[in-house]
Amino acid sequence: MPTSPYEPGRIGLLLIDTVNEIFSEKGKAYPHYKEEFDRIGTLENLKRLLAGAREQGFPVFFGPMSYTEEDYTSWKHLSGIHHEMFDNRLFEAGSWGADFHPELAPADGEVVITPHKNIDLLATTDLGVQLRQHGVEYVAIAGMIGTMCVESTARSCMEDGFHVTTFTDATAADGGRPAYDAMILRYPLISHATLTVDDFLSTTREAGS
């Protein structure tokens, strides 16, 4: 359960990289995560989280990733994760792979953050502006990859003064079960709450009643 109460009207949900490349069976990255998705129930949990947030009236923010031809061919300093993405042409802007998975896509009125090119959305996109313009103080962060974009963004949001919720069952790690287990041990250190989807939705529903 969270260590501090949620404040009704100030809660927002951020879904990171809920795109075909990762969540659709024909996506280039899907085979890498399929075993963990099946074990954790990631896709079904994310669908339930999104539906629950909409039911409770939270603002929902979507953080996609995409790269242009200029990015693929002109970047000078590539990190290990960028080598992996560029070598495999992952998240190519305008492609089916970079489009949102149909069951994890924004509805009318929901906010799509500027596509990110690095793993910390708060540092490199308009996420902070969007959260504050929509009155969000309590941000729940889910999606992919749990050990990359989700963790980095959660850490930065915590450092910037947001109340951060991470999830045990609405993400997955790069590296399988051992990496997942280590990630779940880290999350409470950089979050104010680390919950299952059901516990989060139950707690926020009680806070608003």
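Taking the side chain as every heavy atom from C-beta outward, Pro102 and Asn20 approach each other to under 4.5 Å. Glu110 has its side chain out of reach of Leu15: every pair of non-hydrogen atoms, C-beta onward, lies at least 4.5 Å apart. Considering only heavy atoms from C-beta on, Phe200 comes within 4.5 Å of Ile11 through its side chain.
Tyr67 places a side-chain N or O within 3.5 Å of a backbone atom of Lys117 that can act as its donor or acceptor partner. Judged by distance alone, with hydrogens and angles left aside, the side-chain atoms of Glu137 form no donor-acceptor pair with the main-chain N or O of His163 at under 3.5 Å. Judged purely by atom type and a 3.5 angstrom limit, Thr204 uses its side chain to pair as donor or acceptor with the backbone of Leu201. Formation of a donor-acceptor pair under 3.5 Å by the Thr125 side chain with backbone atoms of His116 is not found in this model.
With Asp169 as the partner, the side-chain contact (heavy atoms from CB on, under 4.5 Å) test is satisfied by one option alone out of Asp199, Ile184, Thr196, Thr42: Thr196. Partner Phe61 forms a side-chain contact (heavy atoms from CB on, under 4.5 Å) with one of Val136, Ile16, Leu13 and no other, that one being Val136.
Between Tyr138 and Phe58, the ring center distance fails the sub-6.0 Å criterion.
Environment of CD in Glu7: crowded, with over 12 heavy atoms of neighbouring residues, nucleotides or ligands closer than 6.0 Å. Within a 6.0 Å radius of CD in Glu69, more than 12 heavy atoms belonging to other residues, nucleotides or ligands are found.
Not counting sequence neighbours, Tyr187 has no partner by the ring-ring contact (aromatic ring centres under 6.0 Å, His included) test.
Annotation: the span from Asp71 atom CG to Ser66 atom OG amounts to 8.0 Å, rounded to 0.5 Å.
Sorted by first and then second residue, the pairs that involve residues 92-101 and meet side-chain hydrogen bond (donor to acceptor under 3.5 Å, both in side chains), not counting sequence neighbours, are Arg89-Glu92.
Tracing side-chain contacts under 4.5 Å through hydrophobic residues (I, L, V, M, F, W, Y), one reaches Leu104 starting from Val19; they form part of the same cluster.
The pair Arg155-Glu151 meets the salt-bridge criterion, with a side-chain N (NZ, NE, NH1 or NH2) lying under 4.0 Å from an Asp/Glu carboxylate O.
One side chain, Asp126 or Thr114, offers a donor N or O that lies under 3.5 Å from an acceptor on the other.
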